[in-house]
Trainee: 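Take a look at this one; I'll ask things after.
Owing to the predicted nature of the structure, the values given are computational and were not obtained by experimental measurement. Note on naming: letters A, B, ... go to the chains in the order of the sequence lines (proteins, then strands), and numbering restarts at 1 for each one.
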Amino acid sequence: MLRTHTCGELRAEHIGREVTLCGWVDTYRDHSGVLFVDLRDRYGRTQVVFAPEGGEENLKVAKSLRSEYVISATGKVAARPEGTVNAKLATGEIELRVDRLEVLNRCLTPPFHPTAQDLPGEDLRLKHRYIDLRRPRMQRAMMLRHRMIKIMRDYLDELAFIDVETPILGRSTPEGARDYLVPSRVQQSAFYALPQSPQLYKQILMIAGYDRYVQIARCFRDEDLRADRQPEFTQLDLEMAFVDADDVIGVIDGLMARLAKEILGLELSLPLKRMTYDEAMERFGHDAPDLRFGMELTDLTDLAQQSDFRVFRGVAESGGRIRGINAKGAAGKYSRKGIDELTNYIQEDFGAQGLAWFKVDEAGKLASPIAKNFEAGLLEKIAQRMDAESGDLLLFVADKFEVTCKALYGLRKRLGAELKLYDPKQMHFSWVVEFPMFAHDEEEGGWTAMHHPFTAPRRQDRERLTSDPEACRAQAYDLVVNGSEAGGGTVRIHDQQLQRQVFGLLGIDEATAKDRFGFLLDALQYGAPPHGGIALGIDRLVMLFGGLESIREVIAFPKTQRGTDLMTGAPGQVDAKQLRELGIKAAR
RNA sequence: GGGGGCGUAGCUCAAUUGGUUAGAGUACCGGACUGUCGAUCCGGUGGUUGGGGGUUCGAGUCCCCUCGCCCUCGCCA
C-alpha cells in the first residue's frame with residue numbers, strides 16, 4: 001500500500017505517529033511561508049501542512065500543487081495549534097506535518113470542482129463522470145447503494161435463497177416492453193434479446209428444484225426514459241416455490257423492515273399495510289398512491305346528477321364519474337390564474353375536459369362561477385361530503401372513470417408537493433394487491449396482461465377467465481414506497497393447461513406460444529411446483545432511501561434521456577466490417 | 001410521436017422597451033503574505049451569447065430551422 005491511513009481516519013490518538021496519506025488535493029491555501037492542503041479521498045479530508053521545517057524543497061513543490069492533483073504525503077500527525085482546530089472536519093483536531101511529498105499525478109484544470117457549492121449542469125457532470133463521482137454526495141449515494149444491496153444479499157442468504165445467474169443473451173418475447181436486440185454472427189438474421197427481466201429463467205429454476213432463488217439482475221427495456229427510468233436498470237429478483245402471495249409479501253416486509261432500520265434507523269410496523277387495486281383507484285386514482293398525505297378522492301356522481309350543471313349531468317348520465325379532491329386551506333393559494341394552470345395541466349397531460357372548482361368562503365359557503373347551477377341545498381350536501389371548511393379549495397373532474405383517475409391523481413400529487421402536505425424525508429411503505437388480470441388493449445382490441453402472461457388468477461376467479469375476464473383478479477402485489485412503484489410480483493401459473501388458457505385470452509396463438517414459450521410450457525409438464533416471486537427496482541429503492549430526485553444519482557454511469565452516455569459517446573458507429581460479419585446493413 | 005423548460009467566460013449566473021466596448025462571483029495565470037480552512041490583498045488572461053438563417057440602422061434579446069440537456073404525456077407485461 002502506498003498509504004498507511006485514509007484521509008478520514010486520523011484523530012488525536014494518532015498524534016506523534018509517522019503516517020502516509022494519499023489522495024486528491026481538494027483545496028490549497030498558500031501563505032508563502034506555510035501552505036495548507038486539504039487532502040481528500042472517499043473516506044474524508046485531512047489537512048496536511050507544508051512548512052520550512054518539513055524541508056524547503058517540499059514547500060517549493062507544494063506551491064506547484066493545484067486542484068485534484070494526486071499526491072502522497074508523509075510526515076508526523078500533530079495536534080493543531082490552539083485556536084486552529086476545525087470543528088467542521090472529522091479530522092479537524094489534527095493535521096499532517098509533511099516532510100515527504102510526492103506528486104503521484106497532475107490534473108488538468110478540472111471543468112468543475114468536486115466540493116464546490118454550485119452544482120454544475122448535469123450534462124457536464126455526466127461527461128466528466130470521473131470527477132462527478134468524486135463528489136462526497138455521489139460517493140454517499142454509491143455507498144448507500146452498496147450497503148442496501150449487501151443487506152438484501154445477507155437477509156436473503158439467511159432465508160436460504162441462493163444466487164443464480166441467468167443469461168443476458170436470451171430470446172425476444174412477444175409481450176412487454178421493446179427489446180434491445182443483439183445480432184447473432186453465427187446465425188445470421190437471428191437476434192438475441194437482452195432480458196427485460198429474468199422472469200422465465202427463474203420459473204424454470206423453480207421447476208428445477210432451486211426453491212429459493214435470488215439475483216441482483218440487470219434488466220433492459222428499450223422505452224423512453226424518465227427521471228426514475230433508465231434503459232438498463234437493476235432488480236432484486238427473487239422466486240420461491242411452495243408459496244402463496246402472503247409468503248412472498250412476508251419476505252419483502254422483513255427486508256423492508258431491515259433496510260429501514262439499518263439505513264434510516266426506522267422501525268417499521270409489520271405487516272405493511274395492504275390495499276386492493278380497486279380501493280387504490282377509488283381512493284387515490286392510481287395503483288401506486290402516495291400515502292404520506294390524505295386528500296383522497298371523493299365521488300360526487302350522485303349529487304352532481306341533481307345539479308343543473310350540464311357538464312356534470314351529461315357525464316353522469318353517460319356513465320362517467322364526477323370526483324373531486326379537497327385541498328384543505330388552499331383557496332387563498334390558488335388564484336384564478338393558478339387554477340387555470342391546474343386546468344391546463346390536467347387537460348394537456350391527462351386529456352381531461354376541464355376542471356370545476358369551488359372555494360369555501362368565510363361563511364362556509366361554496367363560491368364558484370358554476371355555483372349558480374346548484375341549489376343551495378345541493379351545495380350544502382356537496383360541502384358536507386367533501387368535508388369542506390372555510391378556506392378550502394374543492395376541485396372536481398367529470399369524465400370517464402379512467403380520466404378522473406389520472407387527472408385527480410396528477411392534481412393530488414402536484415398539490416401535495418406544492419402545498420407541502422408531507423415531509424419529504426418521511427418514508428411510507430405499503431402494498432397494492434389483487435390487480436386485474438387483464439387490461440383492454442387500446443390499439444389492437446382484446447386483452448393484454450396487466451402484469452405479465454404468467455400471472456396466476458386468484459383461485460376464486462378461475463371461472464371468470466371464461467365468463468368475465470375483466471373482473472378476474474390476479475395473485476399480484478406491488479410494493480409502493482412514497483407513491484412510487486418500488487417493485488412488483490405475482491404467484492405464477494404452474495399448470496400448463498391454465499397457462500395455455502391465459503395465452504389464449506391474450507391472443508397468443510398456439511403456434512406463437514410454442515415458438516416463444518415452448519420451453520416453459522414443456523417444463524410446466526415436468527413437475528412444476530407452485531411458485532411465485534417478486535422483483536424490486538433497486539435503483540428506485542436506493543433513490544427513495546437516499547431522498548434523491550433522480551435515478552441517475554444512484555447509478556454510477558447513467559444515460560441521458562435520449563439514451564446516450566455522454567462520457568463514452570455510446571451508442572456509437574461501428575465499422576463496416578463489424579456489420580458485414582453480422583450480415584447487417586444500416587438503413588440510414 | 002406530443003407538450004413544456006433551459007442553453008451567455010472553464011464553472012455558477014447577470015445584462016432595462018432591441019441600443020455604446022456583453023458584466024459579476026469563482027476558477028485560471030502572475031505577484032504579496034508563516035496558521036489558514038469558502039484564506040486574504042493587488043494585477044491580469046479569458047466570449048463564434050449551442051449552431052445556422054432571417055427581420056432591423058442596430059439582435060444575447062424578436063422570428064424560423066437545427067443540435068444538446070432536463071421535466072412530462074404517450075410508452076414502460
Trainee: As a test of reading the structure: which of B:C75, B:U36, B:G38 is closest to the side chain of A:Thr84, going by heavy atoms?
Mentor: B:U36

Trainee: Would you call A:Arg414 and A:Glu418 a salt bridge, using N to O less than 4.0 angstrom?
Mentor: yes

Trainee: Check every atom of B:C69, B:G35, B:G30 against the side chain of A:Leu566 and return the nucleotide holding the closest atom.
Mentor: B:C69

Trainee: On a plain distance test, is the side chain of A:Arg562 in donor-acceptor contact with the base of B:C67 below 3.5 Å?
Mentor: no

Trainee: Given that both distances must come in under 3.5 Å, which nucleotide forms a Watson-Crick or G-U wobble pair with B:G19?
Mentor: B:C57

Trainee: Base, sugar-phosphate alone, or nothing: which one does A:Ala227 contact when heavy atoms must sit under 4.0 Å apart?
Mentor: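 Result for A:Ala227 = sugar-phosphate.
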
Trainee: Check whether any side-chain N or O of A:Lys127 sits under 4.0 Å from OP1 or OP2 of B:G68, and answer yes or no.
Mentor: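 The answer is no; no side-chain N or O of A:Lys127 sits under 4.0 Å from OP1 or OP2.
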
Trainee: Taking only the P atom of each, what is the distance from B:G47 to B:A9 in whole angstrom?
Mentor: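 Taking atom P in both B:G47 and B:A9, they lie 10 Å apart.
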
Trainee: Do any side-chain nitrogens or oxygens of A:Thr109 fall under 4.0 Å of OP1 or OP2 in B:C28?
Mentor: no

Trainee: What interatomic distance, in whole Å, is found between C1' of B:U20 and the corresponding atom of B:C67?
Mentor: 33 Å

Trainee: Please state whether the base of B:C76 and the side chain of A:Arg221 form at least one donor-acceptor pair under 3.5 Å?
Mentor: no

Trainee: For A:Ala177 and A:Glu95, find the nucleotide of RNA chain B closest to each by heavy atoms; which residue's nucleotide sits nearer the 5' end?
Mentor: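 Upstream on the strand: A:Glu95.
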
Trainee: Any salt bridge linking A:Arg221 with A:Glu232? Criterion: basic side-chain nitrogen under 4.0 Å from a carboxylate oxygen.
Mentor: no

Trainee: Students often mix this up, so state it plainly: with edges at 30° and 60°, are the rings of A:Trp447 and A:Phe438 parallel, tilted or perpendicular?
Mentor: tilted

Trainee: Quote, to the nearest angstrom, the C1' distance that separates B:U16 from B:G2.
Mentor: 36 Å

Trainee: For a side-chain contact (heavy atoms from CB on, under 4.5 Å) with A:Arg40, tell me which candidate from A:Asp26, A:Val25, A:Thr46, A:Thr27 qualifies.
Mentor: A:Asp26

Trainee: Nearest whole angstrom, please: distance from the C1' of B:C73 to the NZ of A:Lys413.
Mentor: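 From A:Lys413 NZ to B:C73 C1': 12 Å.
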
Trainee: Got a salt bridge between A:Asp278 and A:Arg473, using NZ or NE/NH1/NH2 to carboxylate O under 4.0 Å?
Mentor: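 A salt bridge links A:Asp278 with A:Arg473.
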
Trainee: Which protein N or O atoms sit under 3.5 Å from an N or O of nucleotides 39-47 of chain B?
Mentor:
| from | atom 1 | to | atom 2 | distance (Å) |
| --- | --- | --- | --- | --- |
| B:A39 | N6 | A:Asp30 | O | 2.7 |

Trainee: Give the B/S/- string for nucleotides 1-15 of chain B, one per nucleotide from 5' to 3', where a protein heavy atom under 4.0 Å of the base yields B, of only the sugar-phosphate yields S, and otherwise -.
Mentor: B-S------SSS---

Trainee: For B:U49, which nucleotide in any strand shown is its Watson-Crick or wobble partner with both distances under 3.5 Å?
Mentor: none

Trainee: Does the structure show a Watson-Crick or G-U wobble partner for B:C6, both distances under 3.5 Å? Name it, or say none.
Mentor: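 B:C6 is paired, partner B:G68.
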
Trainee: Parallel, tilted or perpendicular for A:Phe517 and A:Phe503, by the 30°/60° rule?
Mentor: parallel

Trainee: Is there a Watson-Crick or G-U wobble partner for B:C41 with both distances under 3.5 Å, and if so, which one is it?
Mentor: B:G31

Trainee: Could you measure between the two P atoms, the one in B:U72 and the one in B:U36, and give it in whole Å?
Mentor: 48 Å

Trainee: For B:G46 and B:G3, measure between their C1' atoms and round to the nearest Å.
Mentor: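 Result for the C1' pair: 39 Å, nearest Å.
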
Trainee: I'd like the C1' distance from B:C70 over to B:C37, given in whole Å.
Mentor: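 Rounded to whole Å, the distance is 36 Å.
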
Trainee: How do A:Pro453 and A:Thr560 order along RNA chain B: which one's closest nucleotide is nearer the 5' end?
Mentor: A:Thr560

Trainee: Side-chain N or O of A:Gln561 less than 4.0 angstrom from OP1 or OP2 on B:C71?
Mentor: yes

Trainee: Go through the steps to decide whether A:Arg106 and A:Glu68 satisfy the test salt bridge (Lys or Arg N to Asp or Glu O under 4.0 Å), and finish with yes or no.
Mentor: CA-CA 7 Å; A:Arg106 312 211 300 173; A:Glu68 301 306 300; over 6 Å; no

Trainee: Does a nitrogen or oxygen in the side chain of A:Lys406 sit under 4.0 Å from OP1 or OP2 of B:G74?
Mentor: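 Affirmative; the distance criterion is met.
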
Trainee: For B:C76, give the paired nucleotide (Watson-Crick: N1-N3 plus N6-O4 or O6-N4; G-U: N1-O2 and O6-N3; both under 3.5 Å), or none.
Mentor: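 The answer is none; no pair meets the criterion.
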
Trainee: Think A:Arg552 has a side-chain N or O under 4.0 angstrom from the OP1 or OP2 of B:C71?
Mentor: yes

Trainee: Can you check the distance between B:G44 and B:G58, where both ends of the measurement are the P atom (answer in whole Å)?
Mentor: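 It comes out at 35 Å once rounded to the nearest Å.
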
Trainee: Sticking with atom C1', work out how far B:U8 lies from B:G68, rounded to a whole angstrom.
Mentor: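 Between the two C1' atoms, the distance is 16 Å.
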
Trainee: Whether the side chain of A:Arg229 and the base of B:C75 hold a donor-acceptor pair under 3.5 Å is what I'd like checked.
Mentor: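 Present.
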
Trainee: For the pair made of OH in A:Tyr409 and P in B:U72, what is the distance, rounded to whole Å?
Mentor: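 Distance, rounded to whole Å: 10 Å.
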
Trainee: Contact class for A:Thr455 vs. all strands (heavy atom < 4.0 Å): base, sugar-phosphate, or nothing?
Mentor: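 Since no nucleic acid heavy atom lies under 4.0 Å of A:Thr455, the category is nothing.
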
Trainee: Are the aromatic rings of A:His31 and A:Phe36 close, with centres under 6.0 Å apart?
Mentor: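 Yes - the distance between ring centres of A:His31 and A:Phe36 falls below the 6.0 Å cut-off.
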
Trainee: With a 4.0 Å cut-off on heavy atoms, is A:Gln196 in touch with a base, just the backbone sugar-phosphate, or nothing at all?
Mentor: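 Result for A:Gln196 = nothing.
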
Trainee: Inspect the surroundings of NZ in A:Lys60 and state if more than 12 heavy atoms from other residues, nucleotides or ligands are less than 6.0 Å away.
Mentor: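 Atom NZ in A:Lys60 is not crowded, with 12 or fewer foreign heavy atoms closer than 6.0 Å.
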
Trainee: Indicate the ring-plane relationship of A:His452 and A:Phe454, choosing parallel, tilted or perpendicular according to the 30° and 60° boundaries.
Mentor: tilted

Trainee: So that I can tick it off, tell me whether A:Asp565 and A:Lys559 are bridged by a salt bridge, with the cut-off set at under 4.0 angstrom between side-chain N and carboxylate O.
Mentor: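 The answer is no: the pair does not qualify as a salt bridge.
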
Trainee: Decide whether a cation-pi geometry holds between A:Arg171 and A:Tyr192; the criteria are a distance under 6.0 Å from NZ or CZ to the six-membered ring centre and an angle within 45° of the ring axis.
Mentor: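 Judged by the rule (NZ or CZ under 6.0 Å from the ring centre, within 45° of its axis), A:Arg171 is not positioned above A:Tyr192.
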
